[in-house]
Asks: 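I have a structure I would like to understand better, so I am pasting it below and will then ask my questions one at a time.
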2 protein chains.
Amino acid sequence: MTTSSLLPGFRFRPTDDELVGYYLKRKVDGLGTELDLIPVVQLYKYDPWDLPDKSFLPKRDMEWFFFCPRDRKYPNGLRTNRATASGYWKATGKDRKIACEPSVFALRKTLVFYRGRAPGGERMDWVMHEYRLCENLHEGSSNFVVGTDRR
Amino acid sequence: MTTSSLLPGFRFRPTDDELVGYYLKRKVDGLGTELDLIPVVQLYKYDPWDLPDKSFLPKRDMEWFFFCPRDRKYPNGLRTNRATASGYWKATGKDRKIACEPSVFALRKTLVFYRGRAPGGERMDWVMHEYRLCENLHEGSSNFVVGTDRR
């Protein structure tokens with residue numbers, strides 16, 4: 001079953017709760033879903049304008065969803081490497097707690113893309129929401145789900 | 001297959017083109033769809049606040065979809081009876097042509113619900129979009145699809 005077999009009129013518009021409590025949780029637990037909706041992509045290997053082509057969902061949505069394993073900046077450190085070939089993603093605001101089932105604890109970080117090199121890059125209109133699952137507060141090891149919007 | 005078997009995160013947000021060119025066209029042609037998404041309801045037998053319960057789609061959407069055969073005001077006339085027990089639906093603005101495949105011609109009428117008796121009813125916040133298929137410009141005989149929004 002592929003996404004093209006979905007009935008006309010259905011759009012993938014998940015709530016944060018559904019993204020984390022269903023899709024990300026199943027991915028981290030090694031369980032599949034009926035449809036292979038969200039591809040695994042090494043996000044920072046691409047500039048944001050190259051990401052829409054990697055999406056499995058219809059192109060007319062201006063929002064795309066990917067799983068991405070965390071990429072450490074330093075082998076033993078906790079910082080995530082967020083540089084791409086043409087720029088970098090920079091967090092904006094505070095991480096927000098996602099309310100879902102009581103057993104699942106997750107955070108959402110919002111990032112904006114800057115073209116150029118930090119700290120002098122030029123802010124662009126690409127926004128990413130990064131969701132990470134922090135089971136039992138051990139947040140180090142999870143993959144995360146990302147939705148990228150072009151605003 | 002029922003709507004509850006849809007994957008999390010999918011919402012029914014059809015474009016006018018999809019509603020008319022797929023759902024209404026198939027209904028009028030006597031063809032089914034994989035999911036029985038849109039019930040046939042005698043719309044004017046109900047007041048708008050009784051309609052959401054008739055929907056097959058999840059209750060959290062504030063938009064509902066129904067098929068309704070046209071109900072003539074007079075046996076030989078073309079006027080549609082739009083009175084309900086507590087009020088009436090009144091058209092607002094002009095009918096709009098729906099752009100879909102070249103072989104399908106359809107119109108969208110927007111109506112607002114008034115409580116009480118015409119012309120002195122009180123305008124309420126229920127809006128209906130009525131789609132009617134007019135194949136070969138013989139618009140008399142088609143069923144129509146309706147989406148009702150509470151605004």
Side-chain angles (χ1 to χ4, degrees), chain A residues 1-29 31-39 55-67 98-101 103-104 106 108 129-131 133 143-149, chain B residues 1-29 31-39 55-67 98-101 103-104 106 108 129-131 133 143-149:
Chain A
M1 200 175 173
T2 64
T3 51
S4 62
S5 72
L6 282 175
L7 280 173
F10 284 92
R11 312 268 176 262
F12 191 54
R13 296 272 185 276
T15 61
D16 285 354
D17 184 6
E18 289 167 329
L19 263 187
V20 165
Y22 185 80
Y23 291 98
L24 182 54
K25 184 77 167 61
R26 286 183 75 88
K27 185 71 179 176
V28 168
D29 290 349
L31 301 167
T33 53
E34 201 184 335
L35 295 174
D36 195 12
L37 287 177
I38 306 181
S55 173
F56 290 168
L57 290 158
K59 298 291 175 271
R60 92 179 184 198
D61 293 338
M62 292 293 271
E63 195 172 46
W64 305 276
F65 298 88
F66 306 102
F67 290 118
I98 302 300
C100 42
E101 6 168 355
S103 63
V104 177
R108 186 179 89 173
H129 298 291
E130 175 192 284
Y131 298 83
L133 210 51
N143 291 334
F144 49 81
V145 154
V146 172
T148 305
D149 304 80
Chain B
M1 200 174 173
T2 64
T3 51
S4 61
S5 72
L6 283 174
L7 280 172
F10 283 92
R11 312 269 175 263
F12 191 54
R13 296 272 184 276
T15 60
D16 286 353
D17 183 7
E18 288 167 330
L19 263 187
V20 165
Y22 185 80
Y23 291 98
L24 182 55
K25 184 77 166 63
R26 287 183 75 87
K27 185 71 177 177
V28 168
D29 290 349
L31 302 167
T33 54
E34 201 184 335
L35 295 174
D36 194 12
L37 286 176
I38 304 181
S55 173
F56 291 168
L57 290 158
K59 297 292 176 271
R60 94 180 185 196
D61 293 338
M62 293 292 273
E63 197 172 44
W64 305 277
F65 298 87
F66 306 101
F67 290 118
I98 303 298
C100 42
E101 8 169 353
S103 62
V104 177
R108 186 179 91 172
H129 299 291
E130 175 192 284
Y131 298 85
L133 210 52
N143 290 336
F144 48 81
V145 155
V146 172
T148 306
D149 304 80

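Throughout, a chain's letter reflects where its sequence line sits, starting with A, and its residues are numbered from 1.
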Asks: Where do Glu18(B) and Arg11(A) come nearest, in terms of heavy atoms and distance?
Replies: OE1-NH2, 2.6 Å
Asks: Are side-chain heavy atoms of Leu7(A) and Phe12(B) found at a separation under 4.5 Å?
Replies: no
Asks: What are the two closest heavy atoms between Tyr23(A) and Pro8(B), and how far apart are they?
Replies: OH-O, 2.6 Å
